[in-house]
Every structure is written in C-alpha cells, then in structure tokens.
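This report concerns only the one structure given below.
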Amino acid sequence: MNSATVRNLLVRGMLAGLASGLLALVVAYFLGEPRVDAAIAYEESHSHEHEMEIVSRSLQSTAGLATGVLVFGVAMGGIAALAFCFALGRVGRFTPRATAALLSAAALVTVYVVPFLKYPANPPSVGDPETIGKRTTLYFLMMALSVLLAVAAVIVGKRLAPRLGNWNATVVAVLGFGVLVALAYVFLPAINEVPEDFSAALLWQFRVAALAIQLTLWASFGLLFGHLAERQLNPKPAARAAAAVAAPSH
C-alpha cells in the first residue's frame, strides 16, 4: 500500500469518524444529557456548598459536548484508518468492508467494553474527587492491557492457524484473551464509590446511555469507513476504465 493510498484512507477515516461522531452526538444529547442533569440535581440537593460555574451547564451540554464528541470521532477515525492500513490482508483474506467491520468491532470491545465491565462509567456526583487520579489511571491501565492482550491474541492465532486450522486457532486465541482479561479483573483493585441513596435506576440508565454512544460511534464508523475504503481500494469496473482512458500514455 503506497503513501498516497494511505493518505487517502486516512482522510476517509477522519471523515467517517466525523460523521460517526455526529450520530454519536445525537445519542449523547438525547440519552446521556438528561441523566447527567438528573445526577447534577442529586449532587446539588446533597451539597451545602454553592460553587460558581466557570462554564454554564447549557454550554457544557451543547457546544462543549459537540466539541468533545466530534474531536474524539475525528481522532478515532484517523487512528482506526491507520490500523486498517496495517491490518488489511494481514489478519485474513477479508474484503476492505469486512476488515473495517472487524476492526471496528474489535476496537469497541478492547478499547471500551472490556475496561467498561471492570470500571463502568459513572455520572456526576458518583465518585470521590480525591480518588479521580487513581480511578483514571486504573481505567487507562485496563484499556492498555485489553489492547495489548488483543494484539497478542491475534499474533498467537495466526501462528497456530497452520497447525490447528483457522477456526480452532481463533477459538484458542479468543479463549486465551478471555482468561487473561478475567485475571486482570481479579487482580486489579475494584472501585465502588456509589452513594447508598443514589438512584440505581439512574445509574443503570446512565451506563446504558454511555454504552449506546460508543456502540453508535464504532458501528457507524465501521459501516461508513468500510464503504469509503471499498470504493478507494476496489473501484467499480467503469471507474477503472474511465481512469485508464484519462491516464496519459507513455
């Protein structure tokens, strides 16, 4: 894959990430923000101190939310496009669409779902402010472990495939990944700082909304980028013929 192709795929990945971010933004605004407002109301009803808002809540829930989600979508799209360039043809004989879909699914699981199951997302008012550094470090440690174990599983699966066959090698690699993730769950410290009187329904709804945002982002990216990558790498016969006619002869 030459540098021009990589550059074109990178641009398409960032565009697909932007479009996916817009879809995720809609989910975040309508599913996530009402739960954030409810959690803030709980926090204010239990706090005896009134702090001045540096940034208004209305700005946070509109421009702030849009900026965060869209910037993340573009950055994620660029990184995923580069990973796609490396993975295409190396993880199996998959088409660009299938590779993009598999990559998006793997990213959703390793980057979000695995850390989420150990350290799930919490709304405002849940968590001790003094432990935020520890909680952030543990979350990113779990994410890094998940990604590294997933890469190791792919390498092991490819090396076992000639002896065990593709199906058996994949099963062994996935089981190994699951066992090592389970061990990480056991040995990494647990964190439970939810107030006793905090609404269990609200906590559940917030976490489902957080999962829905990520699912929307990665699923839409896999479909959009797969379509764009397919058009870039495997143009239709008519388009190839037109390009050949337009190309100068030597």
Backbone N or O of Met143 within a donor-acceptor pair of the Lys118 side chain at under 3.5 Å? no
Ser20 vs Leu224, test: side chain to side chain contact (heavy atoms under 4.5 Å, CB included). Steps then yes/no. CA-CA 8 Å; Ser20 302; Leu224 291 171; 3.9 Å; yes
If you link I, L, V, M, F, W and Y whenever their side-chain heavy atoms are under 4.5 Å apart, who else ends up in the same group as Val11? Leu15
Tyr119: what forms a ring pair (Phe, Tyr, Trp, His ring centres under 6.0 Å) with it, not counting sequence neighbours? none
Could you check whether any side-chain heavy atom of Leu82 comes within less than 4.5 Å of a side-chain heavy atom of Val6, counting everything from C-beta outward? yes
With side chain to side chain contact (heavy atoms under 4.5 Å, CB included) as the criterion, how do Ile191 and Leu138 come out once you've worked through the C-alpha distance, each side chain's angles and the decisive distance to 0.1 Å? CA-CA 10 Å; Ile191 296 177; Leu138 288 173; 3.7 Å; yes
Value rounded to 0.5 Å, distance of CE in Met142 from CG in Leu117: 9.5 Å
Quick one: CG on Leu102 to CG on Leu88, what's the gap to the nearest 0.5 Å? 11.0 Å
Quick one: CZ on Phe140 to CG on Leu145, what's the gap to the nearest 0.5 Å? 13.5 Å
When you measure from the side chain of Arg93 to the backbone N and O of Gly89, does any donor-acceptor pair fall under 3.5 Å? no
Quick one: salt bridge (Lys or Arg N to Asp or Glu O under 4.0 Å) partners of Arg207, sequence neighbours excluded? none
With Glu230 via salt bridge (Lys or Arg N to Asp or Glu O under 4.0 Å) - residues at least two apart: none
For residues Phe177 and Leu141: do they belong to one hydrophobic cluster (side chain heavy atoms under 4.5 Å, members Ile, Leu, Val, Met, Phe, Trp, Tyr)? yes
Heavy atoms only: give me the nearest Ala173-Ala153 pair and the separation to one decimal. CB-O, 3.3 Å
Reported CG-to-CD distance for the pair Leu65 and Glu33, which is rounded to 0.5 angstrom: 5.0 Å
Closest non-hydrogen atom pair, Pro96 against Leu233: CG-CD1, 3.9 Å
Could you give all pairs that pass the salt bridge (charged side-chain N to carboxylate O under 4.0 Å, His left out) test and reach residues 130-158, with sequence neighbours left out? Arg135-Glu193
Do other residues, nucleotides or ligands put more than 12 heavy atoms under 6.0 Å from the CZ atom of Phe198? yes
Looking only at heavy atoms, what is the nearest atom pair of Pro34 and Tyr29, with distance? CD-O, 3.4 Å
Could you check whether any side-chain heavy atom of Phe116 comes within less than 4.5 Å of a side-chain heavy atom of Gln214, counting everything from C-beta outward? no
Are any non-hydrogen side-chain atoms of Leu23 and Leu217 less than 4.5 angstrom apart? no
Distance, nearest 0.5 Å, that separates OG of Ser104 from CG of Leu223: 8.0 Å
Counting only heavy atoms from other residues, nucleotides and ligands, does the tally under 6.0 Å from OH of Tyr185 exceed 12? yes
Verdict with reasoning, Leu228 to Gln232, per side chain to side chain contact (heavy atoms under 4.5 Å, CB included): CA-CA 6 Å; Leu228 294 175; Gln232 168 68 27; over 6 Å; no
Under 3.5 Å donor-acceptor, Arg35 side chain and Leu31 backbone: yes
Steps toward side chain to side chain contact (heavy atoms under 4.5 Å, CB included) verdict (Leu149, Thr110): CA-CA 9 Å; Leu149 291 175; Thr110 57; over 6 Å; no
Assess whether side-chain hydrogen bond (donor to acceptor under 3.5 Å, both in side chains) is satisfied between Thr5 and Asn2, documenting all intermediate values. CA-CA 5 Å; Thr5 302; Asn2 57 44; 2.8 Å; yes
Residues in ring pair (Phe, Tyr, Trp, His ring centres under 6.0 Å) contact with Phe225, at least two apart in sequence or another chain: Phe84, Phe221
With rounding to the nearest 0.5 angstrom, report the OG1 to CG distance, Thr216 to Leu22. 12.5 Å
Out of curiosity, does Val114 fall in the hydrophobic cluster containing Ile213 (side-chain heavy atoms, cut-off under 4.5 Å, transitive links)? no
Heavy atoms, side chains only, cut-off 4.5 Å: are Leu203 and Pro123 in contact? yes
Determine whether Ile132 and Tyr139 fall in the same hydrophobic cluster, where Ile, Leu, Val, Met, Phe, Trp and Tyr are linked whenever their side-chain heavy atoms lie under 4.5 Å apart. no
Minimum heavy-atom distance between Ala210 and Ala121, given as atom pair plus value: CB-CB, 4.0 Å
Testing the basics here: between Gly226 and Ala100, what is the closest heavy-atom pair and its distance to 0.1 Å? CA-CB, 3.5 Å
Would a hydrophobic clustering, with Ile, Leu, Val, Met, Phe, Trp and Tyr connected at side-chain separations under 4.5 Å, put Val156 with Val147? no
Side chains of Leu180 and Leu183: does their closest heavy-atom pair fall under 4.5 Å? yes
Hydrophobic clusters here meaning ILVMFWY residues chained together by side-chain heavy-atom distances under 4.5 Å, can you tell me if Met14 and Val69 are in one? no
